[in-house]
Amino acid sequence: MRTRMLALSAAAGAAALAAAALPATADSPAGAGPGEGTVGAAELLAKVRTCDRISHGLYRTDQGRPAKIPVCGTKRAVFWEADMDIDCDGRTTAVCNRRTDPSFLPATAFQTSAGKPLDSGTLPYVVVPGPGPLWKYAEYGIKGGGVAAVIHGGKVRYAVVGDTGPAGIIGEASYATARALGIDPDPRTGGVASGVTYILFRGSEVSPVEDREAAVEKGEALARAFVAGD
């Protein structure tokens with residue numbers, strides 16, 4: 001829900017270049033959480049090599065950047081490849097607060113089962129663009145708590161749909177998602193400039209949204225069906 005920074009810092013840019021240099025087949029499950037890693041990054045990426053565009057135009061990765069990111073779709077999922085900005089909104093914690101993130105907002109578009117903001121520092125979630133003329137996520141079976149596979153540097157991590165962002169910008173995930181992928185999660189200087197693939201499974205939902213183990217279990221099953229199907 002926050003307004004994006006115009007560009008990543010030089011340090012984050014260097015990190016992005018280093019990550020981009022990793023081989024596409026480096027799908028080792030090292031560092032994966034319980035149940036993560038049996039569907040490899042290469043398997044998933046092979047299913048999203050071509051794009052059947054479902055967005056009515058192209059998204060920007062940040063304000064002032066050229067619009068060049070389409071949202072693509074299949075019968076089972078929607079997906080895009082973009083950067084990763086760090087969403088630190090939601091519950092105020094030691095890592096996500098007004099001091100650590102000048103753009104911090106104490107709310108998320110979707111809430112826990114207790115009606116509280118999500119905890120970006122501990123819950124892996126992705127941010128979808130708010131509904132607008134380019135694309136309306138709800139029309140494609142994407143909802144709060146929906147399951148996503150996020151891929152970067154040969155790693156696959158599962159997350160939920162937890163927040164919305166500007167209607168014309170794409171490529172953002174929670175502090176916890178970045179950390180799980182080995183991306184610098186600092187909301188000021190972290191993130192990565194490119195090379196992140198987001199696959200959101202249509203019609204899926206984790207309830208309660210904060211159930212991390214359920215997200216991994218469902219994510220793994222959906223990912224396996226995705227690579228095996230069309």
Side-chain angles (χ1 to χ4, degrees), residues 1-9 11-12 15-16 19 30-36 61-63 82-130 142-153 155-166 169-193 196 198 200 205-219:
M1 293 171 69
R2 66 185 178 87
T3 301
R4 306 241 183 147
M5 307 297 281
L6 289 178
L8 295 172
S9 68
E36 293 180 276
T61 55
D62 292 288
Q63 292 179 4
D83 65 341
M84 182 183 286
D85 290 339
I86 307 302
D87 188 330
C88 224
D89 294 341
R91 179 181 174 188
T92 299
T93 65
V95 295
C96 289
N97 55 64
R98 295 189 187 280
R99 178 183 56 81
T100 61
D101 181 3
S103 300
F104 176 79
L105 293 173
T108 48
F110 308 107
Q111 292 80 42
T112 69
S113 55
K116 303 294 185 181
L118 302 182
D119 183 346
S120 175
T122 61
L123 181 67
Y125 68 72
V126 300
V127 179
V128 293
I142 305 303
K143 64 184 77 174
V147 182
V150 189
I151 306 165
H152 176 72
K155 294 181 180 180
V156 181
R157 296 295 180 263
Y158 298 107
V160 294
V161 176
D163 206 356
T164 58
I169 295 177
I170 205 165
E172 188 173 6
S174 69
Y175 182 107
T177 306
R179 183 175 58 188
L181 286 166
I183 295 171
D184 180 0
D186 190 307
R188 289 178 181 265
T189 61
V192 67
V196 181
Y198 303 79
L200 281 59
E205 185 177 15
V206 174
S207 182
V209 66
E210 66 270 23
D211 189 336
R212 171 69 182 135
E213 291 185 0
V216 172
E217 182 179 358
K218 287 191 175 184

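Here the structure is a predicted model, which is why all the values come from computation and not from measurement. Just so you know, these numbers use all the heavy atoms, side chains as well, and skip hydrogens, waters and symmetry mates.
When every heavy atom of Ala149 is checked against every heavy atom of Val156, the shortest pair comes out as CB-CG1, 4.4 Å. Taking both residues in full, the closest heavy atoms of Cys96 and Gly121 are given as SG-N, 4.3 Å, listed atom of the first, atom of the second, then distance. Summarising the geometry of Leu181 relative to Met84, their closest heavy-atom pair is CD1-CE, 3.8 Å, with the distance given to 0.1 Å. When all heavy atoms of Pro117 and Thr112 are compared, the pair lying nearest together is O-CG2, 3.8 Å. When all heavy atoms are compared, the tightest approach of Asp89 to Ser103 is OD1-O, 3.8 Å. In terms of heavy atoms, Val147 sits closest to Ala215 at CG1-O, 4.0 Å.
At distances below 3.5 Å, not a single donor-acceptor pair connects side-chain atoms of Arg179 with backbone N or O atoms of Asp186. Checking side-chain atoms of Thr108 against main-chain N and O of Gln111 turns up no donor-acceptor pair under 3.5 Å. When atom types are taken as modelled, the side chain of Lys218 and the backbone of Glu205 share a donor-acceptor pair closer than 3.5 angstrom. Judged purely by atom type and a 3.5 angstrom limit, Thr164 has no side-chain atom pairing as donor or acceptor with the backbone of Val128.
Applying the side-chain contact (heavy atoms from CB on, under 4.5 Å) rule to Ala94 yields no partners; only residues at least two apart in sequence or on another chain are considered. Annotation: side-chain hydrogen bond (donor to acceptor under 3.5 Å, both in side chains) contacts of Tyr125 (sequence neighbours excluded): Asp87. By the side-chain hydrogen bond (donor to acceptor under 3.5 Å, both in side chains) test, Glu210 is found to be paired with Ser113, residues two or more places apart in sequence or in another chain being considered. Residues satisfying the side-chain contact (heavy atoms from CB on, under 4.5 Å) test with Asp211, not counting sequence neighbours, are Val206, Pro208, Glu213, Ala214. Under the rule for a salt bridge (Lys or Arg N to Asp or Glu O under 4.0 Å), the partners of Asp119 that lie at least two apart in sequence or sit in another chain are Arg91. Judged as a side-chain hydrogen bond (donor to acceptor under 3.5 Å, both in side chains), and not counting sequence neighbours, Ser120 has no contacts.
The structure places CG of Asp163 at 8.5 Å from CG of Leu105, a figure rounded to the nearest 0.5 Å. Ile142 contributes atom CD1, which lies 5.0 Å from atom CG of Leu200 (distance to the nearest 0.5 angstrom). The line from CZ of Phe110 to NZ of Lys143 is 10.5 Å long, rounded to the nearest 0.5 Å. For the atom pair Ile151 CD1 and Tyr198 OH, the distance stands at 11.5 Å (nearest 0.5 Å). To the nearest 0.5 Å, atom OG1 of residue Thr177 and atom CD1 of residue Ile183 are 9.0 Å apart. One finds the CG atom of Leu123 at 7.5 Å from the CZ atom of Arg212 (value rounded to the nearest 0.5 Å).
In this structure the side chain of Asp83 never reaches within 4.5 angstrom of the side chain of Val192, judged on heavy atoms. At least one side-chain heavy atom of Val196 sits under 4.5 Å from a side-chain heavy atom of Val150.
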Practice item. Any chance you could lay out the side-chain contact (heavy atoms from CB on, under 4.5 Å) test for Thr61 and Ile169, step after step, and finish with the verdict? Key: CA-CA 5 Å; Thr61 55; Ile169 295 177; 5.9 Å; no
